[in-house]
Asks: 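Sharing a structure here in structure tokens format.
Not measured: the values here are computed from a predicted model. The sequence lines fix the lettering, A, B, ..., with proteins before strands; numbering per chain opens at 1. Values reported hereafter were calculated over all heavy atoms of this structure, with side chains retained and with hydrogens, waters and symmetry mates removed.
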Protein chains: 2
Amino acid sequence: MNNKNYFTIRYKGRVNKYATMKEVDKNLNLSVIKAFKLLDVYMNNKQEWGVRELAKKTGYNKTTTYRLLSTLESLDIVQKNDDDKYILGLKLFELGNLVSVHKSLRNYSRAPLETIAKDIKETVHFGVLSNHRVLYLNKAESELGLKVSTQIGSYQQAYCTALGKVLLAFSPTDQILDYLKNVKLDAHTTNTIIDSKALLGHLEHIRKEGYALDMEELEIGLICIAIPVFNKNKEVVAGISVSGPSSRFKPENVQSYLSIIKKGALEIENHIRDYN
Amino acid sequence: MNNKNYFTIRYKGRVNKYATMKEVDKNLNLSVIKAFKLLDVYMNNKQEWGVRELAKKTGYNKTTTYRLLSTLESLDIVQKNDDDKYILGLKLFELGNLVSVHKSLRNYSRAPLETIAKDIKETVHFGVLSNHRVLYLNKAESELGLKVSTQIGSYQQAYCTALGKVLLAFSPTDQILDYLKNVKLDAHTTNTIIDSKALLGHLEHIRKEGYALDMEELEIGLICIAIPVFNKNKEVVAGISVSGPSSRFKPENVQSYLSIIKKGALEIENHIRDYN
DNA sequence: AAAAAACGTTTCACTATATGAAACACTGTT
DNA sequence: AACAGTGTTTCATATAGTGAAACGTTTTTT
């Protein structure tokens, strides 16, 4: 009674904080929200959690957490590993693969990405703009030991990645301006472009050149190059990027990398002509 | 009151039917179960659903269904498409990719599968045994128009697929016997092996030859070949299969297919030596 | 152009269900 | 032998989920 939980929920366009569920909207089901907030905890690069641990992280009562986990376990959404810790279950993998949004992009990019990764020997990513960020739909990892590795399904800021910048650059002008209006440009390294005007000019440059470079703008030591993938209406729908350590990724490689990536992009474009 | 919902739930080893939640186990959260049963409906090869449609399919009240959907929408677990129908959302894709079970197998199989698919020009699958069925962890589709296409994350019967049979054949004997004790062998075609003794003998044969064939045992016109993938302890952990239409898949191809698949299997095995 | 059907959504009275502090059983550690 | 750490169960209480019916739109049929 004196120890209320507060819920921060985006609903019908607004973000708000509430003490009880009834205040939020009596159409929302609190238990379901709690269950998914629990699963959200697994995004913290930690694969296994105990009951008390999850309770602490979520702020839920230990008992509530236990009961939610029991429920999710009965559904195979989570499962216990050998140490009796809770991990995400195979049912979630199954459901995730049913998601139809961008499914054709995911499927048709698979083979071309592998070809590029084999040719360039660096990690290749494939992604789209989604809610002002880059959503990674697919990847093909470098066969080398030192490599970039991103989680498929995860998001990254657009303004400081080659993939994000190329997707922005080829978007309609109003979308670019909308982006700049809504996203705060924070410096990740000294190379990050944090000035709106400078970014606009940079995007103009990318549009002219046809590709984007990320020169350690997100992370020191990490360099990327990216090109757009168009549909038949010449609208950008996705992008391909190659990422590698600065020790291997030299300016003289750019042209040969570009010709390899472009072949891959063309292959994808031939499959998704009807996509929009 | 007079229109009870019945819940069929597997919990603590038992499958049971209950009229109210309290009967099931007061530790299970009914709303969470309902939400996931709603998502389960999307496994019926239909990507978009309306409220009433889902209500009818699940047996839930229209209002309840609407509220569950509103909740799931606020979490991006489902989203509305252009026709205002509900489809599975990107958050589910994100969560599905976080599942750690078999993650290394999924990652390391990607490149080899693409190589095989490119060489053989047929669809390649990669899967494991999970709860007496084949779970497809990865695939690389044929570039040809007429091809097999399976959903990653989906399941198939083991006894009538090349992949399932090869995984069974190289499993410990007690697991094979346990399988035969628990699984009913139904005829999918006239070629399906539905006799336990015959299947046992067939598995013995597969073990000797080192590969399994599925000669239209699951579906008329569909032929598959599969080989096992071992860990460093020589235990089978996964399998690779190649599937194609009987019009293309001829007996004289078997040897050349095998040599190509075996290269891929070796590549995967080199990466997963520590897997068990 | 009017009527009917189908849709998602909201209302409101009712009761089933989620809740959490405390107690419990168990395991590994000090 | 005492302790600290788990996950789990209990029980009284109040919150939150429920569904029939009504509502306002949109789409289809007449």
Asks: It should be established whether Lys80(B) places a side-chain nitrogen or oxygen under 4.0 Å from OP1 or OP2 of nucleotide dT9(C).
Replies: yes

Asks: Any side-chain N or O of Ser31(A) below 4.0 angstrom from OP1/OP2 of dA18(C)?
Replies: no

Asks: In whole Å, what is the span from the CG atom of Leu28(B) to the P atom of dT17(C)?
Replies: 12 Å

Asks: What's the verdict on side chain to side chain contact (heavy atoms under 4.5 Å, CB included) for Phe93(B) and Asn97(A), showing C-alpha distance, side-chain angles and the deciding distance?
Replies: CA-CA 7 Å; Phe93(B) 175 63; Asn97(A) 279 292; 5.9 Å; no

Asks: Can you list everything that forms a side-chain hydrogen bond (donor to acceptor under 3.5 Å, both in side chains) with Asn45(B)? Sequence neighbours excluded, please.
Replies: none

Asks: Quickly work out the Lys56(B) NZ to dC7(C) P distance and round it to whole Å.
Replies: 9 Å

Asks: For Leu69(B) and dT9(C), give me the distance from atom CG to atom C1', rounded to whole Å.
Replies: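 Spelled out: CG on Leu69(B) to C1' on dT9(C) is 12 Å.
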
Asks: Run the side-chain contact (heavy atoms from CB on, under 4.5 Å) test against Asp83(B) and tell me which residues pass, sequence neighbours left out.
Replies: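 With neighbours one apart ignored, the set is Glu48(B), Asn81(B), Lys85(B).
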
Asks: If you check every side-chain atom of Asn61(A), which of dT11(C), dG20(C), dA18(C) has the closest atom?
Replies: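 Side chain of Asn61(A) sits closest to dG20(C).
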
Asks: Which residues pass the side-chain hydrogen bond (donor to acceptor under 3.5 Å, both in side chains) test with Thr150(B), sequence neighbours left out?
Replies: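 Expected list: His125(B).
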
Asks: Who are the side-chain hydrogen bond (donor to acceptor under 3.5 Å, both in side chains) partners of Ser109(B), not counting sequence neighbours?
Replies: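 Residues passing side-chain hydrogen bond (donor to acceptor under 3.5 Å, both in side chains) with Ser109(B): Asn138(B).
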
Asks: What bend angle does the helix from dA1(C)-dT30(D) to dT30(C)-dA1(D) show across its length, from five-pair end axes and to the nearest 10 degrees?
Replies: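 Nearest ten degrees gives 40° for this helix.
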
Asks: I'd like to know whether Ser149(A) forms a side-chain hydrogen bond (donor to acceptor under 3.5 Å, both in side chains) with Glu141(A), so could you lay out the CA-CA distance, the side-chain angles of the two residues, the decisive distance to 0.1 Å, and finally the verdict.
Replies: CA-CA 7 Å; Ser149(A) 188; Glu141(A) 289 192 355; 2.4 Å; yes

Asks: Could you state the atom-to-atom distance from NZ of Lys62(B) to P of dA21(D) in whole Å?
Replies: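 Between P of dA21(D) and NZ of Lys62(B): 11 Å.
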
Asks: For the side chain of Tyr66(B), starting at C-beta, report the closest nucleotide among dT9(C), dA18(C), dT19(C).
Replies: dT9(C)

Asks: If you compare every side-chain N and O of Asn27(A) against the phosphate oxygens of dT10(C) (OP1, OP2), does one of them come in below 4.0 Å?
Replies: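 For dT10(C), OP1 or OP2 has a side-chain N or O of Asn27(A) closer than 4.0 Å.
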
Asks: Excluding sequence neighbours, so at least two apart, what forms side-chain hydrogen bond (donor to acceptor under 3.5 Å, both in side chains) with Lys91(B)?
Replies: Asp40(A)

Asks: Among all residues two or more places apart in sequence or in another chain, which pass the side-chain contact (heavy atoms from CB on, under 4.5 Å) test with Asp178(A)?
Replies: His132(A), Asn182(A)

Asks: What nucleotide, of dG17(D), dT9(D), dG19(D), holds the atom closest to the side chain of Leu30(A)?
Replies: dG17(D)

Asks: Given the ring of Tyr60(B), does Lys34(B) sit roughly above its face, with NZ or CZ under 6.0 Å from the centre of the six-membered ring and within 45° of the axis?
Replies: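 Relative to the ring axis of Tyr60(B), which defines the angle, Lys34(B) lies inside both limits.
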
Asks: Scan residues 43-54 of chain B against DNA chain C and write down, sorted by residue number, each residue with any heavy atom closer than 4.0 Å; if none is found, say none.
Replies: Gly50(B), Val51(B), Arg52(B)

Asks: Report the residues that fulfil side-chain contact (heavy atoms from CB on, under 4.5 Å) with Glu269(B), sequence neighbours left out, ordered by chain and then residue number.
Replies: Val229(B), Phe230(B), Leu266(B)

Asks: Return the value, rounded to whole Å, for the distance between atom CG of Leu68(A) and atom C1' of dT19(C).
Replies: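 Taking CG of Leu68(A) and C1' of dT19(C), I get 11 Å after rounding.
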
Asks: Taking N and O atoms by type only, does the side chain of Thr63(A) place a donor or acceptor under 3.5 Å from a partner on the base of dA21(C)?
Replies: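 Answer yes: a donor N or O sits under 3.5 Å from an acceptor.
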
Asks: For Tyr42(A), which residues count as a side-chain contact (heavy atoms from CB on, under 4.5 Å) partner, sequence neighbours excluded?
Replies: Trp49(A), Leu54(A), Tyr86(A), Leu88(A)

Asks: With the threshold set at under 4.0 Å for non-hydrogen atoms, list the residues of residues 83-92 of chain A touching DNA chain C in residue-number order.
Replies: none

Asks: In whole angstroms, how far is the P atom of dG8(C) from the OH atom of Tyr60(B)?
Replies: 17 Å

Asks: Among all residues two or more places apart in sequence or in another chain, which pass the salt bridge (Lys or Arg N to Asp or Glu O under 4.0 Å) test with Lys46(B)?
Replies: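 If we apply the salt bridge (Lys or Arg N to Asp or Glu O under 4.0 Å) test to Lys46(B), skipping adjacent residues, the hits are Glu53(B).
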
Asks: The side chain of Lys34(B) is closest to which nucleotide in this list: dT9(C), dT18(D), dG20(C)?
Replies: dT18(D)

